[in-house]
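These notes concern the structure reproduced below.
Below, read A as the first sequence line, B as the second, and so on, with proteins coming before strands; counting in each chain starts at 1.
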Number of protein chains: 2
Amino acid sequence: MDGSGEKKPAKRRSQDRVLQRDPERTRAAILEAATREFAENGMGGARVDAIAERAGTNKRMLYHYFGDKEQLYLHVLEEAYVGIRTAERELHIGDRSPEEGIAELALFTWRYFHKHPEFLSLLGTENLHRARWLRQSVRLKELHSHLIVELTEVLDRGKKAGVFIESADPLNVYLTIASLGYFYISNQYTLSTIFGRDLADTGNLDAWERHIVHVTLASIKA
Amino acid sequence: MDGSGEKKPAKRRSQDRVLQRDPERTRAAILEAATREFAENGMGGARVDAIAERAGTNKRMLYHYFGDKEQLYLHVLEEAYVGIRTAERELHIGDRSPEEGIAELALFTWRYFHKHPEFLSLLGTENLHRARWLRQSVRLKELHSHLIVELTEVLDRGKKAGVFIESADPLNVYLTIASLGYFYISNQYTLSTIFGRDLADTGNLDAWERHIVHVTLASIKA
DNA sequence: CCGGCCAGTAACTAAACAGTTACTTGATGA
DNA sequence: TCATCAAGTAACTGTTTAGTTACTGGCCGG
(Lines give C-alpha, C1' and ligand atoms only; values in the text may rest on other atoms or scores of the structure.)
Protein backbone atom coordinates (compact mmCIF):
# COMPACT_ATOMS: atom_id res chain seq x y z
CA MET A 1 0.00 0.00 0.00
CA ASP A 2 2.77 2.47 0.82
CA GLY A 3 6.25 1.35 -0.18
CA SER A 4 7.13 5.01 -0.67
CA GLY A 5 9.97 4.70 1.81
CA GLU A 6 8.41 7.38 4.03
CA LYS A 7 8.24 6.07 7.60
CA LYS A 8 7.88 9.42 9.33
CA PRO A 9 4.23 9.35 10.49
CA ALA A 10 4.58 5.99 12.21
CA LYS A 11 7.89 6.85 13.82
CA ARG A 12 6.62 10.14 15.11
CA ARG A 13 3.60 8.39 16.60
CA SER A 14 5.71 5.91 18.53
CA GLN A 15 7.51 8.83 20.14
CA ASP A 16 4.27 10.60 21.12
CA ARG A 17 2.77 7.70 22.99
CA VAL A 18 4.68 5.05 24.89
CA LEU A 19 3.74 1.71 23.42
CA GLN A 20 2.63 -0.58 26.22
CA ARG A 21 2.79 -4.02 24.68
CA ASP A 22 1.58 -5.50 27.94
CA PRO A 23 -1.35 -7.85 27.29
CA GLU A 24 -2.13 -8.49 30.96
CA ARG A 25 -2.32 -4.82 31.78
CA THR A 26 -4.37 -3.98 28.69
CA ARG A 27 -6.83 -6.76 29.46
CA ALA A 28 -7.16 -5.62 33.07
CA ALA A 29 -7.57 -1.99 32.03
CA ILE A 30 -10.38 -2.92 29.63
CA LEU A 31 -12.13 -4.99 32.31
CA GLU A 32 -11.98 -2.19 34.85
CA ALA A 33 -13.12 0.44 32.36
CA ALA A 34 -15.97 -1.83 31.27
CA THR A 35 -17.04 -2.39 34.88
CA ARG A 36 -17.41 1.34 35.41
CA GLU A 37 -19.11 1.96 32.07
CA PHE A 38 -21.65 -0.86 32.49
CA ALA A 39 -22.30 0.09 36.12
CA GLU A 40 -22.90 3.73 35.23
CA ASN A 41 -24.99 3.24 32.11
CA GLY A 42 -26.39 -0.29 32.09
CA MET A 43 -26.14 -2.68 29.15
CA GLY A 44 -28.16 -0.54 26.75
CA GLY A 45 -26.50 2.71 27.72
CA ALA A 46 -22.88 1.53 27.82
CA ARG A 47 -20.77 2.53 24.81
CA VAL A 48 -17.99 0.35 23.45
CA ASP A 49 -16.07 3.44 22.30
CA ALA A 50 -16.29 4.89 25.81
CA ILE A 51 -14.88 1.69 27.34
CA ALA A 52 -11.94 1.68 24.94
CA GLU A 53 -11.21 5.33 25.66
CA ARG A 54 -11.46 4.86 29.45
CA ALA A 55 -9.07 1.93 29.21
CA GLY A 56 -6.57 4.04 27.25
CA THR A 57 -6.74 1.67 24.29
CA ASN A 58 -9.03 1.20 21.30
CA LYS A 59 -11.93 -0.96 20.21
CA ARG A 60 -9.81 -3.44 18.30
CA MET A 61 -8.18 -4.65 21.54
CA LEU A 62 -11.51 -4.94 23.26
CA TYR A 63 -12.83 -7.23 20.55
CA HIS A 64 -9.51 -9.05 20.49
CA TYR A 65 -9.62 -9.98 24.17
CA PHE A 66 -13.34 -10.38 24.81
CA GLY A 67 -15.11 -11.17 21.55
CA ASP A 68 -17.97 -8.71 21.68
CA LYS A 69 -19.86 -6.34 23.96
CA GLU A 70 -22.05 -9.04 25.50
CA GLN A 71 -19.16 -11.36 26.36
CA LEU A 72 -17.26 -8.44 27.85
CA TYR A 73 -20.30 -7.66 29.99
CA LEU A 74 -20.50 -11.28 31.15
CA HIS A 75 -16.81 -11.19 32.17
CA VAL A 76 -17.47 -8.01 34.16
CA LEU A 77 -20.44 -9.60 35.91
CA GLU A 78 -18.56 -12.80 36.73
CA GLU A 79 -15.63 -10.84 38.09
CA ALA A 80 -17.97 -8.84 40.32
CA TYR A 81 -19.56 -11.98 41.80
CA VAL A 82 -16.15 -13.57 42.34
CA GLY A 83 -15.14 -10.39 44.17
CA ILE A 84 -17.85 -10.49 46.83
CA ARG A 85 -17.83 -14.26 47.31
CA THR A 86 -14.02 -14.26 47.69
CA ALA A 87 -14.18 -11.53 50.33
CA GLU A 88 -16.98 -13.44 52.08
CA ARG A 89 -14.80 -16.52 52.41
CA GLU A 90 -12.27 -14.58 54.44
CA LEU A 91 -14.67 -13.94 57.27
CA HIS A 92 -15.40 -16.88 59.54
CA ILE A 93 -18.83 -16.33 61.02
CA GLY A 94 -18.66 -19.57 62.97
CA ASP A 95 -15.72 -18.52 65.15
CA ARG A 96 -17.67 -16.68 67.88
CA SER A 97 -21.18 -16.85 69.33
CA PRO A 98 -24.10 -17.35 66.90
CA GLU A 99 -25.39 -13.80 67.50
CA GLU A 100 -21.96 -12.33 66.84
CA GLY A 101 -21.62 -14.47 63.70
CA ILE A 102 -24.89 -13.19 62.24
CA ALA A 103 -24.02 -9.61 63.18
CA GLU A 104 -20.64 -10.03 61.49
CA LEU A 105 -22.22 -11.27 58.26
CA ALA A 106 -24.71 -8.40 58.28
CA LEU A 107 -21.96 -5.82 58.85
CA PHE A 108 -19.74 -7.34 56.18
CA THR A 109 -22.52 -7.42 53.59
CA TRP A 110 -23.62 -3.84 54.29
CA ARG A 111 -20.08 -2.50 54.17
CA TYR A 112 -19.25 -4.41 50.99
CA PHE A 113 -22.38 -3.03 49.27
CA HIS A 114 -21.49 0.45 50.45
CA LYS A 115 -17.93 0.15 49.18
CA HIS A 116 -18.92 -1.42 45.85
CA PRO A 117 -22.01 0.31 44.50
CA GLU A 118 -20.93 -0.75 41.01
CA PHE A 119 -21.65 -4.35 42.02
CA LEU A 120 -25.22 -3.45 42.98
CA SER A 121 -25.63 -1.55 39.75
CA LEU A 122 -24.50 -4.55 37.72
CA LEU A 123 -26.98 -6.74 39.62
CA GLY A 124 -29.71 -4.25 38.75
CA THR A 125 -28.82 -4.35 35.08
CA GLU A 126 -28.67 -8.13 35.07
CA ASN A 127 -32.10 -8.40 36.72
CA LEU A 128 -33.57 -5.91 34.25
CA HIS A 129 -32.68 -8.50 31.63
CA ARG A 130 -33.98 -11.39 33.76
CA ALA A 131 -30.50 -12.86 34.37
CA ARG A 132 -30.05 -13.45 30.64
CA TRP A 133 -26.24 -13.50 30.82
CA LEU A 134 -25.80 -14.88 34.33
CA ARG A 135 -27.75 -17.98 33.35
CA GLN A 136 -25.28 -18.63 30.53
CA SER A 137 -22.32 -18.43 32.88
CA VAL A 138 -20.45 -21.65 33.52
CA ARG A 139 -18.03 -20.13 36.05
CA LEU A 140 -20.66 -19.23 38.64
CA LYS A 141 -22.32 -22.49 39.58
CA GLU A 142 -20.53 -23.63 42.72
CA LEU A 143 -19.56 -20.16 43.89
CA HIS A 144 -22.43 -19.38 46.23
CA SER A 145 -23.02 -22.58 48.18
CA HIS A 146 -20.23 -21.89 50.69
CA LEU A 147 -22.14 -18.96 52.12
CA ILE A 148 -25.35 -20.91 52.71
CA VAL A 149 -23.51 -23.86 54.25
CA GLU A 150 -21.71 -21.71 56.80
CA LEU A 151 -24.85 -19.73 57.58
CA THR A 152 -26.81 -22.94 58.13
CA GLU A 153 -24.23 -24.14 60.67
CA VAL A 154 -24.33 -20.88 62.64
CA LEU A 155 -28.13 -20.88 62.74
CA ASP A 156 -28.23 -24.51 63.87
CA ARG A 157 -25.81 -23.80 66.71
CA GLY A 158 -27.97 -20.85 67.76
CA LYS A 159 -31.10 -22.98 67.72
CA LYS A 160 -29.48 -25.68 69.88
CA ALA A 161 -28.31 -23.00 72.32
CA GLY A 162 -31.88 -21.71 72.47
CA VAL A 163 -31.03 -18.19 71.29
CA PHE A 164 -32.61 -18.47 67.79
CA ILE A 165 -36.14 -19.50 66.86
CA GLU A 166 -36.56 -22.89 65.19
CA SER A 167 -38.15 -21.37 62.06
CA ALA A 168 -35.06 -19.30 61.22
CA ASP A 169 -34.17 -20.18 57.62
CA PRO A 170 -30.65 -19.57 56.20
CA LEU A 171 -31.77 -18.29 52.81
CA ASN A 172 -34.35 -15.98 54.41
CA VAL A 173 -31.77 -14.61 56.82
CA TYR A 174 -29.34 -13.90 53.99
CA LEU A 175 -32.07 -12.33 51.83
CA THR A 176 -33.09 -10.13 54.77
CA ILE A 177 -29.55 -8.83 55.24
CA ALA A 178 -29.03 -8.33 51.51
CA SER A 179 -32.43 -6.63 51.06
CA LEU A 180 -31.79 -4.02 53.73
CA GLY A 181 -28.36 -3.18 52.35
CA TYR A 182 -29.19 -3.32 48.67
CA PHE A 183 -32.29 -1.14 48.75
CA TYR A 184 -30.75 1.60 50.87
CA ILE A 185 -27.66 1.94 48.67
CA SER A 186 -29.09 1.35 45.22
CA ASN A 187 -32.21 3.46 45.72
CA GLN A 188 -30.60 6.25 47.72
CA TYR A 189 -31.06 8.81 44.95
CA THR A 190 -34.83 8.52 44.53
CA LEU A 191 -35.33 8.04 48.29
CA SER A 192 -33.26 11.10 49.19
CA THR A 193 -35.25 13.10 46.64
CA ILE A 194 -38.76 12.10 47.63
CA PHE A 195 -38.22 12.10 51.39
CA GLY A 196 -35.98 15.19 51.42
CA ARG A 197 -33.26 13.57 53.54
CA ASP A 198 -29.74 12.82 52.32
CA LEU A 199 -29.28 9.09 52.81
CA ALA A 200 -25.58 9.36 51.90
CA ASP A 201 -24.95 11.46 55.00
CA THR A 202 -22.57 9.73 57.42
CA GLY A 203 -24.98 9.92 60.34
CA ASN A 204 -27.76 8.28 58.36
CA LEU A 205 -25.40 5.62 57.01
CA ASP A 206 -24.23 4.68 60.51
CA ALA A 207 -27.80 4.60 61.79
CA TRP A 208 -28.82 2.26 58.97
CA GLU A 209 -25.85 -0.03 59.67
CA ARG A 210 -27.02 -0.42 63.28
CA HIS A 211 -30.59 -0.83 62.05
CA ILE A 212 -29.66 -3.74 59.75
CA VAL A 213 -27.98 -5.64 62.59
CA HIS A 214 -30.87 -4.90 64.95
CA VAL A 215 -33.56 -6.02 62.45
CA THR A 216 -31.72 -9.18 61.45
CA LEU A 217 -31.16 -10.35 65.02
CA ALA A 218 -34.63 -9.30 66.20
CA SER A 219 -36.22 -11.40 63.45
CA ILE A 220 -34.56 -14.65 64.58
CA LYS A 221 -34.18 -14.21 68.34
CA ALA A 222 -35.94 -16.77 70.48
CA MET B 1 -43.95 17.32 -4.83
CA ASP B 2 -46.84 15.39 -6.39
CA GLY B 3 -49.54 17.57 -7.95
CA SER B 4 -50.26 14.74 -10.37
CA GLY B 5 -53.91 14.69 -9.33
CA GLU B 6 -53.62 11.08 -8.13
CA LYS B 7 -55.24 10.85 -4.70
CA LYS B 8 -55.58 7.06 -4.63
CA PRO B 9 -52.83 6.06 -2.15
CA ALA B 10 -54.13 8.25 0.64
CA LYS B 11 -57.77 7.32 0.07
CA ARG B 12 -56.97 3.63 -0.01
CA ARG B 13 -55.01 3.95 3.20
CA SER B 14 -57.91 5.55 5.08
CA GLN B 15 -60.01 2.54 4.16
CA ASP B 16 -57.39 0.04 5.34
CA ARG B 17 -57.04 1.49 8.82
CA VAL B 18 -59.81 3.14 10.79
CA LEU B 19 -58.74 6.68 11.60
CA GLN B 20 -58.95 7.07 15.35
CA ARG B 21 -58.80 10.83 15.81
CA ASP B 22 -59.03 10.37 19.56
CA PRO B 23 -56.30 12.43 21.25
CA GLU B 24 -57.01 11.14 24.76
CA ARG B 25 -56.81 7.53 23.73
CA THR B 26 -53.68 8.03 21.62
CA ARG B 27 -51.95 9.83 24.47
CA ALA B 28 -52.88 7.11 26.94
CA ALA B 29 -51.78 4.37 24.54
CA ILE B 30 -48.37 6.02 24.12
CA LEU B 31 -47.96 6.39 27.89
CA GLU B 32 -48.80 2.76 28.53
CA ALA B 33 -46.55 1.51 25.74
CA ALA B 34 -43.73 3.72 26.99
CA THR B 35 -44.15 2.40 30.54
CA ARG B 36 -43.65 -1.14 29.33
CA GLU B 37 -40.78 -0.29 27.00
CA PHE B 38 -38.86 1.73 29.61
CA ALA B 39 -39.52 -0.89 32.31
CA GLU B 40 -38.29 -3.72 30.10
CA ASN B 41 -35.24 -2.03 28.61
CA GLY B 42 -34.27 0.93 30.78
CA MET B 43 -33.62 4.43 29.47
CA GLY B 44 -30.65 3.47 27.31
CA GLY B 45 -32.26 0.35 25.90
CA ALA B 46 -35.76 1.71 25.21
CA ARG B 47 -36.49 2.46 21.57
CA VAL B 48 -38.76 5.29 20.47
CA ASP B 49 -39.82 3.32 17.39
CA ALA B 50 -40.77 0.37 19.59
CA ILE B 51 -42.94 2.59 21.79
CA ALA B 52 -44.76 4.04 18.78
CA GLU B 53 -45.37 0.58 17.37
CA ARG B 54 -46.59 -0.83 20.71
CA ALA B 55 -48.98 2.10 21.01
CA GLY B 56 -50.35 1.44 17.53
CA THR B 57 -49.32 4.89 16.34
CA ASN B 58 -46.11 6.47 15.04
CA LYS B 59 -43.24 8.57 16.30
CA ARG B 60 -44.69 11.86 15.14
CA MET B 61 -47.53 11.59 17.66
CA LEU B 62 -45.15 10.69 20.44
CA TYR B 63 -43.12 13.83 19.85
CA HIS B 64 -46.32 15.80 19.40
CA TYR B 65 -47.70 14.88 22.82
CA PHE B 66 -44.55 14.54 24.91
CA GLY B 67 -41.76 16.60 23.36
CA ASP B 68 -38.93 14.09 23.34
CA LYS B 69 -37.82 10.74 24.73
CA GLU B 70 -36.64 12.17 28.07
CA GLN B 71 -39.84 14.07 28.78
CA LEU B 72 -41.87 11.00 27.88
CA TYR B 73 -39.80 8.99 30.34
CA LEU B 74 -40.39 11.60 33.05
CA HIS B 75 -44.17 11.42 32.44
CA VAL B 76 -44.01 7.64 32.77
CA LEU B 77 -42.07 7.89 36.04
CA GLU B 78 -44.42 10.49 37.51
CA GLU B 79 -47.44 8.43 36.56
CA ALA B 80 -45.92 5.39 38.27
CA TYR B 81 -45.32 7.30 41.53
CA VAL B 82 -48.82 8.77 41.44
CA GLY B 83 -50.11 5.22 41.03
CA ILE B 84 -48.63 3.78 44.22
CA ARG B 85 -49.19 6.86 46.37
CA THR B 86 -52.84 7.05 45.25
CA ALA B 87 -53.41 3.40 46.13
CA GLU B 88 -51.67 3.98 49.48
CA ARG B 89 -54.10 6.74 50.37
CA GLU B 90 -57.00 4.33 50.16
CA LEU B 91 -55.77 2.20 53.02
CA HIS B 92 -56.22 3.63 56.49
CA ILE B 93 -53.56 2.11 58.67
CA GLY B 94 -54.75 4.05 61.72
CA ASP B 95 -58.17 2.38 61.85
CA ARG B 96 -57.21 -0.69 63.88
CA SER B 97 -54.53 -1.58 66.43
CA PRO B 98 -50.97 -0.28 65.83
CA GLU B 99 -49.67 -3.79 65.09
CA GLU B 100 -52.44 -4.44 62.62
CA GLY B 101 -51.80 -1.06 61.00
CA ILE B 102 -48.10 -1.80 60.43
CA ALA B 103 -48.90 -5.30 59.16
CA GLU B 104 -51.44 -3.80 56.77
CA LEU B 105 -48.91 -1.35 55.34
CA ALA B 106 -46.33 -4.11 54.93
CA LEU B 107 -48.82 -6.37 53.15
CA PHE B 108 -50.05 -3.58 50.91
CA THR B 109 -46.53 -2.55 49.90
CA TRP B 110 -45.43 -6.12 49.19
CA ARG B 111 -48.52 -6.90 47.14
CA TYR B 112 -48.28 -3.65 45.20
CA PHE B 113 -44.63 -4.34 44.33
CA HIS B 114 -45.53 -7.87 43.30
CA LYS B 115 -48.40 -6.66 41.11
CA HIS B 116 -46.39 -3.81 39.55
CA PRO B 117 -42.86 -4.99 38.80
CA GLU B 118 -42.67 -2.31 36.12
CA PHE B 119 -42.72 0.29 38.90
CA LEU B 120 -39.69 -1.29 40.56
CA SER B 121 -37.94 -1.48 37.23
CA LEU B 122 -38.52 2.23 36.61
CA LEU B 123 -37.13 3.00 40.07
CA GLY B 124 -34.06 0.95 39.22
CA THR B 125 -33.52 2.86 36.00
CA GLU B 126 -34.02 6.19 37.72
CA ASN B 127 -31.50 5.31 40.43
CA LEU B 128 -28.97 4.15 37.84
CA HIS B 129 -29.10 7.74 36.63
CA ARG B 130 -28.97 9.15 40.17
CA ALA B 131 -32.53 10.49 40.07
CA ARG B 132 -31.61 12.79 37.20
CA TRP B 133 -35.18 13.15 35.95
CA LEU B 134 -37.04 12.75 39.24
CA ARG B 135 -35.17 15.73 40.66
CA GLN B 136 -36.46 17.86 37.79
CA SER B 137 -40.06 16.87 38.47
CA VAL B 138 -42.34 19.57 39.83
CA ARG B 139 -45.36 17.29 40.22
CA LEU B 140 -43.81 15.02 42.85
CA LYS B 141 -42.94 17.26 45.74
CA GLU B 142 -45.89 16.96 48.12
CA LEU B 143 -46.87 13.47 47.06
CA HIS B 144 -45.02 11.40 49.64
CA SER B 145 -45.51 13.23 52.93
CA HIS B 146 -48.96 11.74 53.56
CA LEU B 147 -47.45 8.30 54.02
CA ILE B 148 -44.91 9.42 56.63
CA VAL B 149 -47.46 11.46 58.57
CA GLU B 150 -49.87 8.55 58.89
CA LEU B 151 -47.06 6.13 59.77
CA THR B 152 -45.78 8.48 62.47
CA GLU B 153 -49.21 8.58 64.09
CA VAL B 154 -49.55 4.80 64.16
CA LEU B 155 -46.08 4.36 65.65
CA ASP B 156 -46.76 7.01 68.33
CA ARG B 157 -49.97 5.29 69.35
CA GLY B 158 -48.08 2.00 69.59
CA LYS B 159 -45.37 3.59 71.74
CA LYS B 160 -47.94 5.07 74.13
CA ALA B 161 -49.66 1.71 74.40
CA GLY B 162 -46.29 0.15 75.22
CA VAL B 163 -46.30 -2.29 72.30
CA PHE B 164 -43.58 -0.54 70.23
CA ILE B 165 -40.07 0.46 71.27
CA GLU B 166 -39.37 4.18 71.69
CA SER B 167 -36.60 4.17 69.06
CA ALA B 168 -38.94 3.04 66.26
CA ASP B 169 -38.52 5.60 63.45
CA PRO B 170 -41.20 6.08 60.74
CA LEU B 171 -38.76 6.44 57.83
CA ASN B 172 -36.75 3.41 58.99
CA VAL B 173 -39.90 1.33 59.30
CA TYR B 174 -41.02 2.27 55.81
CA LEU B 175 -37.54 1.65 54.36
CA THR B 176 -37.47 -1.76 56.05
CA ILE B 177 -40.79 -2.77 54.51
CA ALA B 178 -39.83 -1.40 51.09
CA SER B 179 -36.36 -3.02 51.19
CA LEU B 180 -37.69 -6.49 51.87
CA GLY B 181 -40.28 -6.24 49.10
CA TYR B 182 -38.14 -4.48 46.51
CA PHE B 183 -35.09 -6.73 46.70
CA TYR B 184 -37.04 -9.98 46.53
CA ILE B 185 -39.04 -8.94 43.46
CA SER B 186 -36.49 -6.94 41.52
CA ASN B 187 -33.58 -9.33 42.09
CA GLN B 188 -35.56 -12.56 41.78
CA TYR B 189 -33.84 -13.55 38.52
CA THR B 190 -30.23 -13.45 39.72
CA LEU B 191 -31.22 -14.84 43.13
CA SER B 192 -33.16 -17.75 41.65
CA THR B 193 -30.18 -18.50 39.40
CA ILE B 194 -27.40 -18.43 41.97
CA PHE B 195 -29.32 -20.15 44.79
CA GLY B 196 -31.09 -22.64 42.54
CA ARG B 197 -34.54 -21.96 43.98
CA ASP B 198 -37.40 -20.40 42.03
CA LEU B 199 -38.38 -17.32 44.02
CA ALA B 200 -41.44 -16.76 41.78
CA ASP B 201 -42.94 -20.02 43.05
CA THR B 202 -46.22 -19.40 44.89
CA GLY B 203 -45.06 -21.18 48.04
CA ASN B 204 -41.93 -19.08 48.28
CA LEU B 205 -43.87 -15.88 47.57
CA ASP B 206 -46.33 -16.60 50.37
CA ALA B 207 -43.52 -17.47 52.76
CA TRP B 208 -41.77 -14.19 51.99
CA GLU B 209 -44.99 -12.24 52.52
CA ARG B 210 -45.30 -13.70 56.02
CA HIS B 211 -41.60 -13.10 56.57
CA ILE B 212 -41.87 -9.38 55.77
CA VAL B 213 -44.67 -8.89 58.30
CA HIS B 214 -42.80 -10.93 60.91
CA VAL B 215 -39.50 -9.04 60.45
CA THR B 216 -41.13 -5.61 60.45
CA LEU B 217 -43.08 -6.22 63.64
CA ALA B 218 -40.21 -8.03 65.38
CA SER B 219 -37.93 -5.04 64.77
CA ILE B 220 -40.20 -2.56 66.58
CA LYS B 221 -41.90 -4.71 69.24
CA ALA B 222 -41.31 -3.65 72.81
C1' DC C 1 -69.36 25.72 1.84
C1' DC C 2 -64.81 26.83 2.73
C1' DG C 3 -60.49 28.02 5.18
C1' DG C 4 -57.85 27.01 8.84
C1' DC C 5 -56.84 23.76 12.46
C1' DC C 6 -55.72 19.52 14.64
C1' DA C 7 -54.98 14.34 14.49
C1' DG C 8 -52.46 11.45 12.01
C1' DT C 9 -48.96 9.23 8.40
C1' DA C 10 -44.69 7.89 6.06
C1' DA C 11 -40.51 8.90 4.35
C1' DC C 12 -36.41 11.25 5.39
C1' DT C 13 -31.80 12.91 7.81
C1' DA C 14 -27.80 13.39 10.49
C1' DA C 15 -25.49 11.38 14.06
C1' DA C 16 -24.16 7.51 16.81
C1' DC C 17 -23.30 2.90 17.11
C1' DA C 18 -21.16 -2.05 17.16
C1' DG C 19 -18.20 -4.39 14.78
C1' DT C 20 -14.31 -4.90 10.79
C1' DT C 21 -10.41 -4.17 7.86
C1' DA C 22 -6.00 -2.98 6.56
C1' DC C 23 -2.24 -1.72 8.40
C1' DT C 24 2.22 -0.78 11.82
C1' DT C 25 5.34 -1.99 15.42
C1' DG C 26 8.36 -4.56 18.32
C1' DA C 27 10.03 -8.80 20.40
C1' DT C 28 11.72 -13.51 19.75
C1' DG C 29 13.67 -17.68 18.32
C1' DA C 30 15.68 -20.31 14.39
C1' DT D 1 19.39 -11.14 10.73
C1' DC D 2 15.22 -11.85 9.36
C1' DA D 3 10.60 -14.31 9.19
C1' DT D 4 6.86 -14.69 12.15
C1' DC D 5 3.46 -13.52 15.18
C1' DA D 6 1.11 -11.12 18.85
C1' DA D 7 0.07 -6.31 20.32
C1' DG D 8 -1.61 -2.25 18.87
C1' DT D 9 -3.64 1.69 15.77
C1' DA D 10 -6.89 4.31 13.01
C1' DA D 11 -9.97 4.74 9.56
C1' DC D 12 -13.89 2.61 7.68
C1' DT D 13 -18.78 0.25 7.05
C1' DG D 14 -23.50 -0.94 7.40
C1' DT D 15 -27.08 -0.40 10.49
C1' DT D 16 -29.77 1.65 13.99
C1' DT D 17 -31.40 5.61 16.27
C1' DA D 18 -33.69 10.02 17.84
C1' DG D 19 -35.72 13.50 15.90
C1' DT D 20 -37.85 16.20 11.49
C1' DT D 21 -40.28 17.33 7.40
C1' DA D 22 -43.76 17.47 4.24
C1' DC D 23 -47.75 15.83 3.61
C1' DT D 24 -53.28 13.93 4.09
C1' DG D 25 -57.85 14.17 5.67
C1' DG D 26 -61.73 15.06 8.58
C1' DC D 27 -64.13 18.59 11.30
C1' DC D 28 -66.03 23.04 12.81
C1' DG D 29 -66.95 28.04 13.12
C1' DG D 30 -68.14 31.81 10.17
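- A donor-acceptor contact closer than 3.5 angstrom links the side chains of Ser137(B) and Glu78(B).
- Distance Ile51(B) CD1 to dT16(D) P: 18 Å, rounded to the nearest Å.
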Could you go over nucleotides 13-17 of chain C and give all protein N or O partners under 3.5 Å, atom names and distances?
| unit_1 | atom_1 | unit_2 | atom_2 | d |
| --- | --- | --- | --- | --- |
| dC17(C) | OP1 | Arg47(A) | NE | 2.5 |
| dC17(C) | O5' | Arg47(A) | NE | 3.4 |

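- The ring-ring contact (aromatic ring centres under 6.0 Å, His included) check on Tyr189(A) picks up nothing, with sequence neighbours excluded.
- Inspection of the Glu70(A) and Trp133(A) side chains reveals an N or O donor paired with an N or O acceptor under 3.5 Å.
- Per the geometry, OH belonging to Tyr73(A) stands 18 Å off C1' belonging to dA18(C), to the nearest Å.
- Looking only at atom types and distance, the side chain of Thr190(A) has a donor-acceptor partner in the side chain of Asn127(B) under 3.5 Å away.
- Aromatic pair Tyr184(A)/His114(A): centroids not less than 6.0 angstrom apart.
- With rounding to whole Å, Gln71(B) atom CD is found 14 Å from dA18(D) atom C1'.
- One finds a side-chain N or O of Thr26(A) lying less than 4.0 angstrom from the OP1 or OP2 phosphate oxygen of dG8(D).
- Taking side-chain N and O atoms only, Asn58(A) has a distance below 4.0 Å to OP1 or OP2 of dT9(D).
- Under a 3.5 Å cut-off, the side chain of Ser192(A) and the backbone N or O of Asp198(A) do not form any donor-acceptor pair.
- Close to dT9(C), at under 4.0 Å from its OP1 or OP2, lies a side-chain N or O of Thr57(B).
- Rounded to whole Å, the distance from CD on Glu24(B) to C1' on dG8(C) is 16 Å.
- Thr176(A) and His211(B) share a side-chain donor-acceptor pair at under 3.5 Å.
- Counted by atom type alone, Tyr112(A) and Glu88(A) present zero donor-acceptor pairs between their side chains at under 3.5 Å.
- For DNA chain C, the residues of residues 59-68 of chain B within the heavy-atom distance limit of 4.0 Å (strictly under) are Arg60(B), Met61(B), His64(B), Tyr65(B), sorted by number.
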